[in-house]
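Nothing fancy with the numbering, it's 1 onward along the sequence.
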Amino acid sequence: ALAEHGSAILVAPPGAGKTTLAPLVLRREPWLADQRIVMLEPRRLATRAAAQRMASLLGERVGDTVGYQTRDERHIGPDTRIEVVTEGVLTRRLQHDPTLEGYGLVIFDEVQSLRYGADTDKGAAAQSTASHVLYRLGLSGTPVYNYGNEMHAIGEIVSPGLLGSKQEFEREWCDHSQKGKWVKHPEALGLRMRESGVMLRRRRADVGRELPPVSTIIRTVDCDPAAIAKVSGQAGVLATTLLSQMGVTSLEKLQASQQMINMLRAATGIAKAVAVAEFVRELVGEGRRVVLYGWHRAVYDIWMESFDAVIDHRRIRYAMITGSETAATKTANVAAFTAPGSDIGVLIVSLRAGAGMDGLQHVCSTVVFGELDWSPKVHDQCTTRLDRDGQKESVQAFFCAAKVGIDPIMVDVCGAKRRQSGPMMDPDQFFDAELLEGGAPEDLTKRIAESVLAGDLLREREVDDVGA
């Protein structure tokens, strides 16, 4: 695909080897003409881990054929052919050498992180890099995080013009009643990208890396409605403001929306935190090691207080990866959890802070989502930290969902987004248009605001489709 089109997006599940094997294979391609490869990683830990893994596969030291550079470290030698760098490093290079002379291929790992396009610093740097390098490759296990329209922004960076201008893309592919966010026929768009030769889909079976299936269990948990009632008044004020400004674009509306949603997410997480901690205690008591995902510091505090308590003559030891740690501390905490004979029973991880973690699959097969994300693809990425090469058990993923608060809406939205991304990534498996009916409403903010004012967040509702 690269030799013919100059660009490609390789979609494969985490653990299939795309990050570490693709650059090693491509460095020997004749069309690269001995030019170097630069691979952009979104985080420092992932940058170091990718380079170290590739170097070990070659039986070399980092800095020989494969090197890396972050803000704090540089291990690149005169013979380095593959350079793994962070966004900041790439931005500075562009300032000194906008042409990137000597580089023939740019690889965007986790290309879904560019879904906001050139409107962000990261996207602008990626687009500038792509414009000066002859070959471009995007890697992702989960390129569609939302409802499909982000594929245009990703496509413009990896293969400019593939899907036309933004206006042309929205006119041809998007549902205008959903403000251009929803792709009307994701299976057709998926086929279009495959037939163009730009999007390549690989499954574990294709590369001989099949694993036991993941078991997904939605577990409804008890919660303290007082935590939600506590914020209902302030949320109601914000909801009233938002509903009065529907159809209007303003900074005030954006800030009110973010504040209301974040407030309700935190309140729901706090309301169910004790029940989540008790459930994790049960799992550890059965002899399991658990990776526990969350999002809010106040929720972590409740979990830690519960684990620190001595119950039945035992407290639960834990380690944390919340995104606020240094790369060295993050590495040390993962190492402590995965060390032979470790008595750390729980690794608490932020939903979007797990990039670059490896080794968990050797000691753990249980994931608990104590809080939920808006994107089912984030859940996938969290689960595949365990569901990868080296895992000998069937991974169990427990989604702890409350029947009150914002969880029922988040579960519904995740199901709707899954019904968009599935057909696009695997169009040959999804041709039932009815799957796309009745998803999330056209305006999520409006739905949440109306639920707040109607008192629905304090009423129990069903949670049965987290997009698994």
What heavy-atom pair brings [X] and [Y] nearest, and what distance separates the two atoms?
X	Y	answer
Ser350	Thr322	CB-O, 3.5 Å
Val106	Val133	N-CG1, 3.6 Å
Tyr318	Ile316	CD2-O, 3.4 Å
Trp303	Ala277	CD1-CB, 4.0 Å
Glu41	Val84	CG-CG1, 3.5 Å
Val62	Gly67	CG1-CA, 4.3 Å

Given side chains that start at C-beta, do those of [X] and [Y] come closer than 4.5 Å, heavy atoms only?
X	Y	value
Ile107	Leu139	yes
Glu87	Thr91	yes
His5	Ser159	no
Leu134	Trp31	no
Tyr68	Met54	no
Thr331	Arg48	yes
His362	Thr338	no
Tyr103	Thr129	no

In Å and rounded to the nearest 0.5 Å, what is the [atom1] to [atom2] distance from [X] to [Y]?
X	Y	atom1	atom2	value
Ile321	Asn333	CD1	CG	4.5 Å
Met193	Leu200	CE	CG	10.0 Å
Cys400	Ile217	SG	CD1	10.0 Å
Leu40	Ser113	CG	OG	7.0 Å
Leu21	Leu57	CG	CG	6.5 Å
Leu360	Leu386	CG	CG	5.5 Å

* Asked: Below 4.0 angstrom, N of the basic side chain to O of the carboxylate: do Lys272 and Asp407 qualify?
  ->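 Yes, this pair counts.
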
Checking side-chain polar atoms at under 3.5 Å, does [X] have a donor or acceptor matched by the opposite partner on [Y]?
X	Y	answer
Asp109	Thr19	yes
Gln391	Glu393	no
Thr47	Thr70	no

* Please say whether more than 12 non-hydrogen atoms of neighbouring residues, nucleotides or ligands are located less than 6.0 Å from CD in Glu101. => no

* Around Arg61, counting heavy atoms of other residues, nucleotides and ligands shown, do more than 12 lie under 6.0 Å from its CZ? ->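 At most 12 heavy atoms, drawn from other residues, nucleotides or ligands, come within 6.0 Å of this atom.
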
Can any side-chain N or O of [X] pair as donor or acceptor with the backbone N or O of [Y] at less than 3.5 Å?
X	Y	answer
Arg81	Gln35	yes
Glu60	Thr65	yes
His379	Leu372	no
His296	Ile270	no
Lys18	Ala12	yes
Gln52	Ala50	no
Lys330	Ala353	yes
Arg385	Cys382	no
Tyr300	Gly294	yes
Thr366	Gln396	no

* **Residue among Arg315, Arg317, Arg289, Arg314 satisfying salt bridge (charged side-chain N to carboxylate O under 4.0 Å, His left out) with Asp343** => Arg317

* Residues Glu371, Tyr293; criterion side chain to side chain contact (heavy atoms under 4.5 Å, CB included); working and verdict -> CA-CA 7 Å; Glu371 293 187 88; Tyr293 284 101; over 6 Å; no

* Asked: Only one of Lys377, Gln381, Gln112 clears side-chain hydrogen bond (donor to acceptor under 3.5 Å, both in side chains) with Ser140; which?
  ->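 Exactly one pass, corresponding to Gln112.
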
* **Identified side-chain hydrogen bond (donor to acceptor under 3.5 Å, both in side chains) partner of Glu83 from the options Arg93, Arg74, His75** => Arg93

* To do: Go through the steps for Asp358 and Arg53 under the test side chain to side chain contact (heavy atoms under 4.5 Å, CB included), then give the verdict.
  => CA-CA 10 Å; Asp358 195 18; Arg53 176 59 176 161; 6.0 Å; no

* To do: Check step by step if side chain to side chain contact (heavy atoms under 4.5 Å, CB included) holds for Val291 and Phe337.
  => CA-CA 10 Å; Val291 177; Phe337 182 71; 4.3 Å; yes

* Show your working on salt bridge (Lys or Arg N to Asp or Glu O under 4.0 Å) between Asp72 and Arg44 and close with a plain yes or no. => CA-CA 9 Å; Asp72 306 316; Arg44 282 179 289 170; 2.8 Å; yes

* Give me the ring orientation class for Phe169 and His152: parallel if the planes are under 30° apart, tilted from 30 to 60°, perpendicular past 60°. => tilted

* Relative to each other, are the rings of Phe279 and Phe398 parallel, tilted or perpendicular (30° and 60° limits)? -> perpendicular

* **Residue that, paired with Val158, satisfies side chain to side chain contact (heavy atoms under 4.5 Å, CB included) out of Leu137, Ile9, Leu114** => Ile9

* Might you work through the side chain to side chain contact (heavy atoms under 4.5 Å, CB included) test for Arg352 and Trp295, ending with a clear yes or no? => CA-CA 8 Å; Arg352 302 201 178 203; Trp295 187 243; 3.8 Å; yes

